[in-house]
There are 2 protein chains.
Amino acid sequence: MMLLDTMSSKNTETRNRILKASLGLLEASQGKDVRMSDIAKLAGISRQALYLHFSTRAELLIATTLYLDEIKGTDDRLTSSRTAETGQQRLDAYIDAWGHYIPEIYGIAKALLAMRDTDDAAAEAWDNRMQAMKEGCKAAIEALSRDNMLSPDHPPEDATDLLWTLLSIRNWEQLTLDCGWSQEKYIDRMKALARRNFVKDE
Amino acid sequence: MMLLDTMSSKNTETRNRILKASLGLLEASQGKDVRMSDIAKLAGISRQALYLHFSTRAELLIATTLYLDEIKGTDDRLTSSRTAETGQQRLDAYIDAWGHYIPEIYGIAKALLAMRDTDDAAAEAWDNRMQAMKEGCKAAIEALSRDNMLSPDHPPEDATDLLWTLLSIRNWEQLTLDCGWSQEKYIDRMKALARRNFVKDE
DNA sequence: GCGTCAACTTGACACGGTGTCAAGTAAACA
DNA sequence: TGTTTACTTGACACCGTGTCAAGTTGACGC
């Protein structure tokens with residue numbers, strides 16, 4: 001009968017060491033070639049002990065993203081755009097927050113994205129996160145709509161779909177890593193693109 | 001000493017059966033879970049014989065894309081936009097041709113895309129194809145520029161990067177498969193988006 | 001008819017990474 | 001003292017890719 005115990009089974013401390021190791025490796029390698037045994041080694045435990053905490057690679061990856069959010073305060077940052085006065089400002093603020101956020105999560109995102117094609121659990125986890133991010137897009141578009149500043153070109157749902165797609169991590173990857181755009185350039189252009197497409201003229 | 005032989009080693013007929021089988025499976029399964037043994041079985045040969053023709057999975061996949069292009073006449077279709085009179089028409093025509101082309105190559109594209117993260121050969125093959133497609137984007141933007149109709153918002157290179165990114169297969173996938181857009185809707189919206197962003201006002 | 005060569009066959013096997021199983025250890029606790 | 005918890009070591013199954021060796025079959029030239 002445990003009393004003074006650490007509230008949760010399996011030792012929280014070790015669990016955190018695992019998550020920290022996982023995150024570190026994922027960030028360092030941009031998601032490539034990170035095996036369970038690598039993570040175990042860095043966490044200072046045996047590979048098998050890893051499975052006592054996370055029964056599957058996908059599960060560990062998912063837990064790592066949650067851990068990352070906890071550390072970086074994702075939700076706070078992405079919802080800070082709510083304080084904006086106008087819809088236009090809100091759109092800008094959201095793109096700004098998201099644009100700065102991407103590089104921080106890129107490593108783990110890449111790993112999850114790679115698993116998405118083969119592992120259902122990973123796919124679901126990833127889709128959940130992206131759905132949350134889509135909510136942010138939706139909120140920004142609705143703010144525009146409330147201000148009566150949404151371009152008549154698109155119904156709100158379509159504008160949301162488009163904005164969401166525009167801001168995808170794959171697109172960030174292509175523009176910055178493949179095309180060599182700087183982080184500032186990416187953010188500026190995305191803001192301009194969004195403004196021009198979703199904000200009513202004049 | 002071969003004389004009446006089939007001009008190439010390893011029997012062209014079998015090779016074609018393999019490519020046909022590969023393409024069929026890739027299309028049917030959208031790129032997922034297609035193993036070498038599946039392809040061999042469908043082609044009516046042993047798994048080992050497959051390796052006599054293609055020494056690696058990546059090599060087979062790449063050959064399959066070339067085979068697909070041959071069948072569908074890719075180059076012709078994508079360069080047909082060259083006949084357009086104005087830059088604006090050319091941009092539309094290119095988006096139209098590409099938009100109709102994507103669903104036809106999606107299965108194999110998805111398979112190659114999944115390998116891109118792990119296999120260097122696959123990554124290079126894919127990047128080559130996408131570079132070719134980028135040339136088309138560049139040509140369209142340059143046609144606009146020649147007509148003095150390119151929006152002053154973007155330098156031509158940036159416009160090319162953006163258009164290329166906008167028309168990525170991942171974006172098509174997200175809008176049609178995830179968001180449920182129809183093929184027509186996708187093409188129409190992409191045209192509208194491109195027009196609004198890259199063509200000078202009024 | 002004889003050899004030979006090319007295209008294929010069967011069957012075995014190595015490798016890498018994930019996930020499982022069984023048995024043992026070491027410290028914490030009652 | 002005995003029990004429980006968190007871990008250890010070591011072995012192993014599975015899957016898919018790619019390799020190797022030895023055999024079969026048919027078409028060819030001579």
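Residue numbers begin at 1 in each chain, while the letters A, B, ... track the order of the sequences. Nothing here was measured: the structure is a model prediction, and the numbers come from that model.
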What's the [atom1]-[atom2] distance between [X] and [N], to the nearest Å?
| X | N | atom1 | atom2 | answer |
| --- | --- | --- | --- | --- |
| B:Leu60 | D:dT17 | CG | C1' | 13 Å |
| A:Leu52 | C:dA22 | CG | C1' | 13 Å |
| A:His53 | D:dA6 | NE2 | P | 8 Å |
| B:Leu61 | D:dG16 | CG | C1' | 14 Å |
| A:Asn11 | C:dA27 | CG | P | 15 Å |
| B:Tyr51 | C:dC8 | OH | P | 16 Å |
| A:Arg35 | C:dC15 | CZ | P | 15 Å |
| A:Leu50 | D:dT9 | CG | C1' | 16 Å |

Touch class at under 4.0 angstrom, heavy-atom based, for A:Thr56 against every strand present: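 Sugar-phosphate contact only.
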Candidate pair B:Tyr106 and B:Glu27, rule side chain to side chain donor-acceptor pair (under 3.5 Å), full reasoning: CA-CA 7 Å; B:Tyr106 180 65; B:Glu27 283 180 339; over 6 Å; no
Partner of B:Ile39 under side-chain contact (heavy atoms from CB on, under 4.5 Å), chosen from B:Leu60, B:Thr64, B:Leu23: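 The passing option is B:Leu60.
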Residue among B:Asp188, B:Leu162, B:Leu166, B:Leu167 satisfying side-chain contact (heavy atoms from CB on, under 4.5 Å) with B:Leu193: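 Single pass found, and it is B:Leu166.
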B:Ser46 vs C:dT9: side-chain N/O to OP1/OP2 distance below 4.0 Å: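 Answer yes for this pair, as a side-chain N or O of B:Ser46 is under 4.0 Å from OP1 or OP2.
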Side-chain donor/acceptor of A:Glu124 to backbone N/O of A:Ala121, under 3.5 Å: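 Checking the backbone N and O of A:Ala121 against the side chain of A:Glu124, no donor-acceptor pair under 3.5 Å is found.
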Quiz item: B:Arg47 side-chain donor-acceptor pair to D:dG18 base, under 3.5 Å: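 Checked by distance alone, the answer is yes.
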Nearest listed nucleotide, side chain of A:Arg57, among D:dG18, C:dA12, C:dT18: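 Nearest to the side chain of A:Arg57 among the choices is C:dT18.
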